[in-house]
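Structure, as structure tokens:
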Amino acid sequence: MEVKKPYRLANNTVLRLSPEFILPEEQRPCLSEVSDVNVVPIVDLKGYDECENGLVKTVSEACRGVGMFQVINHGVPPDLCHGVSVAVSKFFQLPAEERAIYETKDHSRRIKIFNYYLKSDDDEQTKVTMWSETFSHPWHPSEDFTHHLPTKPPEYWYQPRIISDVLSAYAREIGSVMNRVLSLMSKGLGLEENALVRRLGENPNFYSQANYYPPCPQPDLTMGLNEHADITGLTLLHQFNGVPDLQVKYDENWVAVDPLPGAFVIILADQIQLLSNGRYKSPVHRAVTNKMLPRLSLAMFYAPNDETLIGPMEEMTDEEHPPIYRNYRYKEYMQEFYRQQGKKKRLKEAFMLQRQP
Ligand code: OGA
Ligand code: NI
């Protein structure tokens, strides 16, 4: 199975992008128009010990506005974060043949390396490959995934044979941060603290996506990850090396997200927008590329399982707020995602109820 290796082109001798990475003019990132006014709130999870209400209010406002915030003082040990960043970055440096066993275009594989691409709206055959490479695998429960993970590089297994594997330790910590964030979000909707976890359902699907963006000779012609909203319930994104290439759309403008050292970016994903009947927003975001520096990020997703029934929660609807979306099983949402694959997606719209004229 052939998967393109954009980074192979990104050594110092390459000054131009090959055509497969070049976007049509109207889809290029217009980097000079990106704002750096910070619109993504920073939430200090320890700073409100005395005042849970203040914390809930900040989170709720962020979820109703830009749909994204960064958490600091989240309690995940810096050494562990560093261990994960080393493991993931060494993985992307492995020789191509060693990574090749994970390359696939079969999206049902649970451990996989692939490239995202973009199709043209009027010509299904034309694909533009994104300037990035993605490695995805489940992250919880650890007994389900650790024995499928690569045994190279050794950092993926921490000290050899001490199978308190760095990733499963990290996964446990991330699980607690997500639970805390979901409880704040639930309270921000005026609900009990476990309301969203309950509605995201039994046996959620936890999977991660490591994104590697090699330095790119012409960042204005291509994209690291094209604009999208995350389809799951919640995303926790760790930006590892301080390169400011994540951008969020706010008030129709692209705004750069500060790569705050040690912080996690919390991105509200589609299922929570639909459960909250549109009160909370799942933002459109993208990653651009950088001429000088490689960039690495790790997204941890909290998704419902295939059979979970999603739709506006009863508490979120009344006469003044009739349901905007229909009920569906999560697998229908996934099917729609794959149906629109490669296109500029209109996923949430596909689940909207028709409004009366
Ligand atoms: C994602 C994502 C952005 C980034 O993985 O869904 O939006 O900065 N990543 O890598
Ligand atoms: Ni995303």
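Source: prediction; values computed, not measured. Order of listing sets the numbers, starting from 1, for every ligand and every atom in it. In what follows, residues are counted from 1 in the order of the sequence shown.
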Q.
Regarding R199 and E315, does a basic nitrogen lie under 4.0 Å from an acidic carboxylate oxygen?
A. no
Q. Which one of K249, Q247, M68, E227 satisfies the side-chain contact (heavy atoms from CB on, under 4.5 Å) criterion with H285?
A. M68
Q) With no hydrogens and no angle check, do the side chains of Y325 and Q273 hold a donor and an acceptor under 3.5 Å apart? A) yes
Q | Residue pair D79 / H82, side-chain donor-acceptor N/O under 3.5 Å | A | no
Q) Counting heavy atoms only, which of L237, V284, N211 is nearest atom 5 (O) of ligand 1? A) N211
Q. What part of R286, side chain, backbone, both or neither, has a heavy atom within less than 4.0 angstrom of ligand 1?
A. neither
Q) Does D245 approach ligand 1 within less than 4.0 angstrom via side chain, backbone, both or neither, non-hydrogen atoms only? A) neither
Q) Do Y333 and I310 pass the side-chain contact (heavy atoms from CB on, under 4.5 Å) test, and can you show the C-alpha distance, the side-chain angles, and the key distance before you say yes or no? A) CA-CA 10 Å; Y333 206 85; I310 305 283; over 6 Å; no
Q: Determine whether the side chain, the backbone, both or neither of T134 has a heavy atom under 4.0 Å from any heavy atom of ligand 1.
A: neither
Q | Exercise: identify the closest heavy-atom pair between L260 and Q70 | A | CB-OE1, 3.8 Å
Q) With ring centroids as reference points, do F301 and F206 lie under 6.0 angstrom apart? A) no
Q) Counting from 1, what ligand 1 atoms have a heavy atom of A299 closer than 4.0 Å? A) 5 (O)
Q. Going by the order shown, which atoms of ligand 1 are within less than 4.0 Å of some heavy atom of D230?
A. 6 (O)
Q) Is E33 paired with R28 through a side-chain N to carboxylate O contact shorter than 4.0 Å? A) no
Q. So does E103 pair up with R109, basic N to acidic O under 4.0 Å?
A. no
Q) Taking the inter-plane angle between the rings of H74 and F264 on a 0 to 90° scale, is it parallel (under 30°), tilted (30 to 60°) or perpendicular (over 60°)? A) parallel
Q | Identity and distance of the protein heavy atom lying nearest atom 4 (C) of ligand 1 | A | Y213 OH, 3.4 Å
(Q) Taking distance alone, with N or O pairs closer than 3.5 Å, would you say Q239 contacts ligand 1? (A) no
Q | Which of the ligand 1 atoms, numbered from 1, are nearer than 4.0 Å to a heavy atom of R295 | A | 4 (C), 8 (O), 10 (O)
Q) With a cut-off of 4.0 Å, which atoms of ligand 1 are near a heavy atom of L246? A) 3 (C), 8 (O)
Q: May I ask you to list the protein N, O or S atoms found at less than 2.8 Å from the Ni ion (ligand 2)?
A: H228 NE2, D230 OD1, H285 NE2
Q: For L225, take its heavy atoms, then give the atoms of ligand 1 lying under 4.0 Å from any of them.
A: 1 (C), 2 (C), 5 (O), 7 (O), 9 (N)
Q | Carboxylate-amine/guanidinium proximity below 4.0 Å for E336 and R339 | A | yes
